[in-house]
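Here is the structure we will look at, set down as structure tokens.
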Amino acid sequence: MGSPNDKTLAVIPSDNPQTAEKIALGQKLFFDGRLSVNGTVACATCHDPERAFTDGRPTSTGVQGRSGQRNAPTVLNALYNQTQFWDGRAKTLEDQAALPITNPVEMGQPDLAAAVASLAALPEYQQAFQAVFGHPPNGQDLVRALASYERTLTSFDSPFDRFLAGDDKAIDESAKRGWVLFNDRGRCNKCHALPDDMPDLTNFKDDDFHNIGVLIVRHRVVPLAREAEKLIDSGNAADVDRAAIGSDMSALGRFLVTKKESDIASFKTPGLRNVMVTAPYFHDGSHETLWDVLDHYNKGAGLRDPWLDQDIQPLGLQESELDDLVAFMASLTSDVYREQGAQELARQRALARTNRPHRNTERAFSLKSATSQ
């Protein structure tokens, strides 16, 4: 329920068609730590299927315990993305698959050829690549196989899908109220791709980049931007990748790719499917619960910055309304993660009742107070 068959077929590239054998090879590679320089980190290390293909950490850990700067986004439904990564630095899943392998903070290989060499000596991979591609392992075919497997990782069939299909009992009254708020006073649909005339319910995102003010005051972004302009060749994907994952320049977001000042600290709108089970949240994993996320938006992001998206403003939503929005987002959990989603909802609800580090009630209602005077 909810799976967009036509859209799925449309995003399969003509130069990398799906075959069962190629998908199986990609799956084997995805879970094989031997792709990394020391054999300890696989794609699945940061994209664990038990965690909806995330890792549950604020930011990911790579070879030799090295910590990156970015939260690992889910790979589920990534085939529908117009760009990959939080800053869109990769256009395709093939481009995306190559970069973590050679990033020194992630899998640590000096280059893709080194990763291929580590596999080419293994009979199991010699045979598999020969059967799928008709020749020994090489870098291009390695990423093609990984991307083919990732294109099978779709996740729909949520209670909300069944509600839209006509089952009025599929979600509870709180989630229904949350759905109304999502499209109304919550303003969530401003970025999560739900225009009234043609709603896109595939992933609940706009494939665009926004500065939402997440902890921007923690970073001196203007000096970072000037440093990035000097150090990073915008045409060098490896340099951009290293800066995004392994340096404070990560806070610059989309600017690292475009070098446009308006893109400073802008990050891609994430999809909302299975959001209940993909905590922590935002590009830096700085918000532990969905209540934290809503507190951030409710207060209008706190201190303004020159590049803050114009739609980020105090909302003035009551606590019960925040609960309803969480209930709606929880209804986007696919059935395969139903039990995990229920446990995580209970965990986050309990935490939200005692610990709300991002709540600012005075600011949340400041706009409403100002307009009423």
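Scope of the values below: all heavy atoms of this structure, side chains included, with no hydrogens, waters or symmetry mates. Since this is a predicted model, take the numbers as computed values, not measurements.
- Within the 3.5 Å criterion, the main-chain N or O of S247 finds no donor-acceptor partner in the side chain of S250.
- The two residues G300 and L308 come nearest to each other via the heavy atoms O-CD2, 4.4 Å.
- Neither I245 nor F255 shares a network with the other; the hydrophobic side chains, linked directly or stepwise wherever heavy atoms of I, L, V, M, F, W or Y lie under 4.5 Å apart, form separate groups for each.
- Between the N183 side chain and the W179 main chain, a donor and an acceptor come within less than 3.5 Å of each other.
- Two different hydrophobic clusters hold V105 and L112 under the rule that ILVMFWY side chains link at heavy-atom gaps under 4.5 Å.
- For the pair P136/N138, no side-chain contact is recorded, criterion being any heavy-atom separation below 4.5 Å from C-beta on.
- At least one test fails for K205 against the ring of Y80: distance under 6.0 Å to the centre or angle within 45° of the axis.
- V180 shares a hydrophobic cluster with no other residue; no ILVMFWY side chain has heavy atoms under 4.5 Å from its own.
- Side-chain N or O atoms of W307 include one that pairs as donor or acceptor with a backbone N or O of E261 at under 3.5 Å.
- Under the 4.5 Å side-chain criterion, counting only non-hydrogen atoms from C-beta, F160 is not in contact with L272.
- Using a distance-only test at 3.5 Å, with no hydrogens or angles considered, a donor-acceptor pair links the side chain of N203 to the main chain of N77.
- Taking OG1 of T54 as the reference point, atom CG of N274 lies at 9.5 Å (rounded to 0.5 Å).
- The number of heavy-atom neighbours closer than 6.0 Å to CG of D6, taken from other residues, nucleotides and ligands shown, is 12 or below.
- Under a cut-off of 6.0 angstrom, the local environment of CD in Q126 is crowded, with over 12 non-hydrogen atoms contributed by other residues, nucleotides or ligands.
- Judged as a salt bridge (Lys or Arg N to Asp or Glu O under 4.0 Å), not a single pair has a partner in residues 47-66 (not counting sequence neighbours).
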Decide side chain to side chain contact (heavy atoms under 4.5 Å, CB included) for Q130 and Q127; before the verdict, give the C-alpha distance in whole Å, the side-chain angles of both, and the deciding distance to 0.1 Å.
-> CA-CA 5 Å; Q130 189 67 42; Q127 297 166 10; 5.8 Å; no
Go through N16 and T92 one step at a time and tell me if the side chain to side chain contact (heavy atoms under 4.5 Å, CB included) criterion holds.
-> CA-CA 11 Å; N16 191 20; T92 68; over 6 Å; no
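- Nearest heavy-atom pair across F328 and G178 is CB-C, 3.8 Å.
- The closest donor-acceptor contact from the side chain of D263 to the backbone of S266 lies at 3.5 Å or more, if one exists at all.
- Here the options are D161, T74, T154, the test is side-chain hydrogen bond (donor to acceptor under 3.5 Å, both in side chains), and the partner is R273; only D161 passes.
- Using a 4.5 Å heavy-atom cutoff, the side chains of L317 and R185 are in contact.
- Taking 4.5 Å as the limit, every side-chain heavy atom of K28 sits out of range of all side-chain heavy atoms of Y149.
- For the 3.5 Å distance criterion, the side chains of T59 and N71 fail to qualify, holding no donor opposite an acceptor.
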Step-by-step side chain to side chain contact (heavy atoms under 4.5 Å, CB included) determination, V326 to L345 = CA-CA 9 Å; V326 172; L345 177 59; 3.8 Å; yes
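- A donor-acceptor pair under 3.5 Å links the side-chain atoms of E321 to the main chain of Q318, judged by distance alone.
- Linking ILVMFWY residues whenever their side-chain heavy atoms come closer than 4.5 Å, directly or via other members, places L290 and V214 in the same cluster.
- Closest of all the heavy-atom pairs between H47 and A72 is CE1-CB, 4.1 Å.
- Tracing side-chain contacts under 4.5 Å through hydrophobic residues (I, L, V, M, F, W, Y), one never reaches W86 starting from L99; they form parts of separate clusters.
- Taking the six-membered ring where tryptophan is involved, the planes of F129 and Y125 are tilted, since the angle between them lies from 30° to 60°.
- A donor-acceptor contact closer than 3.5 angstrom links the side chains of D141 and H135.
- Contact detail for M107 and V41: the closest heavy-atom pair is CE-O, 3.3 Å.
- Ring centroids of Y281 and H296 are separated by 6.0 Å or more, keeping the two rings apart.
- A 4.5 Å side-chain heavy-atom check between R177 and S320 finds every atom pair outside the cut-off.
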Show your reasoning for whether side chain to side chain contact (heavy atoms under 4.5 Å, CB included) applies to I101 and L146.
-> CA-CA 12 Å; I101 296 172; L146 281 169; 4.3 Å; yes
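- The same ILVMFWY cluster, assembled from side-chain heavy atoms under 4.5 Å apart, contains both L119 and V37.
- Within the model, atoms NZ of K268 and NE2 of H210 stand 12.0 Å from one another, a figure rounded to the nearest 0.5 Å.
- Heavy atoms only, all atoms of each residue included: G316 and F365 are closest at O-CE2, 3.2 Å.
- Side-chain contact check for L25 versus K22: every heavy-atom pair is 4.5 Å or farther apart.
- Counting only distance, with no hydrogens or angles, the side chain of T83 and the backbone of K91 share no donor-acceptor pair below 3.5 Å.
- One finds the CG atom of D241 at 4.5 Å from the CZ atom of R89 (value rounded to the nearest 0.5 Å).
- For R347, the side chain to side chain donor-acceptor pair (under 3.5 Å) criterion is met by E288, E344, not counting sequence neighbours.
- No donor-acceptor pair under 3.5 Å is formed between the side chain of R254 and the backbone N or O of F267.
- Between the side chain of T289 and the backbone N or O of W291, at least one donor-acceptor pair lies under 3.5 Å.
- For G88 against F209, the heavy-atom pair with the smallest separation is N-CE2, 3.6 Å.
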Applying salt bridge (Lys or Arg N to Asp or Glu O under 4.0 Å), run through E319 and R359 and close with a yes or a no.
-> CA-CA 11 Å; E319 186 68 17; R359 178 157 59 179; 3.2 Å; yes
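- Note on D323 versus R353: salt bridge recorded, some NZ/NE/NH1/NH2 to OD/OE distance being below 4.0 Å.
- For D309 and K190, the salt-bridge test fails: no basic side-chain N is under 4.0 Å from an acidic carboxylate O.
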Begin with the C-alpha distance, continue with both residues' side-chain angles, and end with the deciding distance and a verdict on side-chain hydrogen bond (donor to acceptor under 3.5 Å, both in side chains) for D172 and S174.
-> CA-CA 6 Å; D172 62 21; S174 179; 4.6 Å; no
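- Atom CZ of F163 sits about 11.5 Å away from atom CG of L332, to the nearest 0.5 Å.
- If you take CG on L322 and CG on D292, they are separated by 11.0 Å, rounding to the nearest 0.5 Å.
- A 4.5 Å side-chain heavy-atom check between C188 and F204 finds every atom pair outside the cut-off.
- At a cut-off of 3.5 Å, with distance as the only test, a side-chain donor of Q18 or S148 sits close to an acceptor on the other residue.
- Contact of the R70 side chain with the C46 side chain is not registered, since no non-hydrogen atoms from C-beta on lie closer than 4.5 Å.
- Salt bridge present: D157 and R162 bring a charged side-chain N and a carboxylate O closer than 4.0 Å.
- No donor-acceptor pair under 3.5 Å is formed between the side chain of Q69 and the backbone N or O of D284.
- Considering OG1 of T152 and CD of E150, their distance stands at 9.0 Å, rounded to 0.5 Å.
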